[in-house]
Amino acid sequence: MKTDQEYLDLDKQLLWHPYTSMSQPSPHFLVKKAVGCDITLSDGRILIDGMSSWWSVIHGYNHPRINTAIQQQLTQLSHVMFGGLTHKPAIDLAETLIAISPGDLQRVFFSDSGSVSVEVGLKMAIQYWHTQGQPSKQFFVTPKSGYHGDTFAAMSVCDPDNGMHHLFSGALTQQFFISAPPTGLEAPIKPEYLHEIRAMFEANHAQLAGFIIEPVVQNAGGMRFYNPEYLNHIRALCDEFDILLIFDEIATGFGRTGKLFATDHTNICPDIMCVGKALTGGYMTLAATLTNDKVALGISENDGVFMHGPTFMGNPLACSAANASLSLLMRYNIPEKITQLENWMKTALAPCAKLEQVEEVRCFGGIGVVELKNSVNLHKIQPKFVELGVWIRPFGKLIYLMPPYVISQQQVQTLAKAIYQVVSEEPC
Ligand SMILES: *Cc1c(COP(=O)(O)O)cnc(C)c1O
């Protein structure tokens, strides 16, 4: 039997964690179990979860209904290839996704992760224009400050400055960038911004397959909230210039912004929509790319087939977790539940706005953000949060909460107090 310390030493020696160095790894904490909003470390300490494990564990950990769904599925079929074979969990899930997703999205492609669902969406757009006799339309336009994943095509549409472009320039397709949407959920629409998009479309539409954007909230690229009305205008411009509209709902989907999808804050619908993260309630890796008949049938013209097929496509265990998670979600009154969470975070985080170190505090739906004036040192700040009994993982200047929807007001208060204390100890 290895001791916990021996495990942690091995972890340091053998394992890469997200965005870390092998020679100077940041501290990692050994987790024994997690229930509800409590993460228990191997030394017995309990941390309140403010992250939903990167925004996915919306119903909390170890949920009895999702556990049961997976256990039942396990006795029937844990996996089978999706080429030539199919199964009820995938069909049920596709039916539900189509029923709850915005507008005329009618067709579903399952893949393993958010990044891959973005790759799939971009490939759909390129293949669509190919069958439509416009093979030069194979590039994408996207706002700065976006984040769409870490695989190559997804990276190519991430923010060119705070993303990873500088490391991979030459290896990445050069895409087209417009300014980030002006912030403020209710800020008046800036006509200059729409002019910038129009000018970009006018100059480059012959090469542009699609416009990809995170609707209403730009997440990992800066936790920026913008007026949903921009998306209505962007839809009209895309139609005018024959450019497909792709929404990346991987972070915002399944209730996070107070509606089932962030798209539901608009009165339009994208041609292609990517979902992931909370799809399985954070139990397993699964993502989906949804599209309308125009794109799906367009690709299929002249004996066309869509050229993608992951080994673990439509994994039955993951689909059964997703089916259970969505049926739980459908039982909520999402606007009520998420508005309550928003109000709890607003009240609890308000004192942080008075700290000298803080640039802005903003909340929207189940997202609470404390933006600092300076970037934090993660190596130093992470253990402080753990000492205070909370799990909060900042990045750059952003300390944020995206808790499971089942969190209590008291737990939100504990998270916010920890942020206040840790931030007040930061240099100004
Ligand atoms: C997390 C995220 C992705 C990438 O998803 P992975 O499952 O990590 O590959 C893509 N787009 C957005 C908006 C995300 O938040």
Side-chain angles (χ1 to χ4, degrees), residues 16-20 51-58 101 109-125 140 142-160 162-165 172 175 180-181 210-226 228 231 245-257 261-263 265 270 272-290 308 310 312-315 318-319 321-322 325 364-367 369 393-396 398 400-403:
W16 237 302
H17 285 269
Y19 315 107
T20 53
M51 297 285 95
S52 304
S53 281
W54 276 336
W55 330 340
S56 63
V57 184
I58 52 178
S101 65
F109 190 100
F110 287 122
S111 57
D112 330 69
S113 75
S115 301
V116 175
S117 77
V118 169
E119 301 280 331
V120 165
L122 301 179
K123 282 173 81 169
M124 282 178 177
F140 295 89
T142 189
K144 291 183 179 171
S145 296
Y147 176 79
H148 299 286
D150 290 350
T151 53
F152 271 84
M155 247 196 318
S156 77
V157 288
C158 289
D159 183 273
N162 72 20
M164 292 158 274
H165 288 243
L172 283 184
Q175 308 288 11
F211 182 107
I212 180 164
I213 187 169
E214 292 154 275
V216 196
V217 181
Q218 291 186 297
N219 299 275
M223 295 296 182
R224 302 171 81 260
F225 309 151
Y226 63 89
L231 298 167
L245 182 58
I246 305 170
F247 280 177
D248 180 346
E249 285 259 16
I250 292 165
T252 48
F254 309 112
R256 186 53 73 179
T257 68
F261 296 96
T263 307
H265 295 280
I272 295 169
M273 183 171 104
C274 303
V275 294
K277 286 202 162 91
L279 174 58
T280 62
Y283 265 70
M284 279 185 219
T285 179
L286 181 70
T289 311
L290 278 60
H308 207 90
F312 290 101
M313 187 168 181
N315 175 262
C319 289
S325 175
F364 177 41
I367 310 169
V369 182
R393 185 136 177 109
F395 66 93
L398 299 165
Y400 70 94
L401 300 176
M402 278 211 193

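Start at 1 and go down the list; that is how both ligands and their atoms are numbered.
Taking 4.0 Å as the cut-off, Trp54 does not count as a neighbour of ligand 1 on heavy-atom distance.
Counting the atoms of ligand 1 from 1 in the order shown, those under 4.0 Å from a heavy atom of Glu214 are 13 (C). Under a 4.0 Å criterion applied to the non-hydrogen atoms of Asp248, ligand 1 contributes the atoms 10 (C), 11 (N), 12 (C), 13 (C). Each of the following atoms of ligand 1 lies closer than 4.0 Å to a heavy atom of His148: 10 (C), 11 (N). Residue-ligand proximity, Lys277 to ligand 1, at heavy-atom distances under 4.0 Å covers atoms 1 (C), 2 (C), 3 (C), 14 (C), 15 (O). With ligand atoms numbered from 1 in the order given, ligand 1 contributes 7 (O), 9 (O) to contacts under 4.0 Å with heavy atoms of Ser113. Atoms of ligand 1 lying under 4.0 Å from at least one heavy atom of Trp55, given by number and element, are 15 (O). For ligand 1, the atoms lying closer than 4.0 Å to a non-hydrogen atom of Ser115 are 4 (C), 5 (O), 6 (P), 9 (O). Taking every heavy atom of Ala251 and a limit of under 4.0 angstrom, the matching atoms of ligand 1 come to 15 (O).
Glu214 is not listed as a side-chain neighbour of Thr252, based on a closest heavy-atom distance of 4.5 Å or more. When side chains are defined from C-beta on, Phe225 counts as touching Val369, because their heavy atoms get closer than 4.5 Å. For the pair Leu286 and Asn315, the minimum side-chain heavy-atom distance is 4.5 Å or more. In this structure, the side chains of Phe152 and Leu172 come closer than 4.5 Å at one or more pairs of heavy atoms. Using a 4.5 Å heavy-atom threshold, the side chains of Tyr226 and Ile213 count as touching.
Proximity of a side-chain donor or acceptor of Ser52 to a complementary backbone N or O of Pro403 within less than 3.5 Å is detected.
Residue contacts with ligand 1: Asn219 is placed with no nitrogen or oxygen under 3.5 Å of a nitrogen or oxygen of the ligand (distance criterion only). Ligand 1 has no N or O atom lying under 3.5 Å from any N or O atom of Val116, backbone or side chain.
Shortest contact from atom 7 (O) of ligand 1 to any protein heavy atom: Gly114 N, 2.8 Å.
Note that CE of Met313 is 8.0 Å distant from OG of Ser111, once rounded to the nearest 0.5 Å.
Aromatic ring centres of His148 and Phe140 lie farther apart than the 6.0 Å criterion allows.
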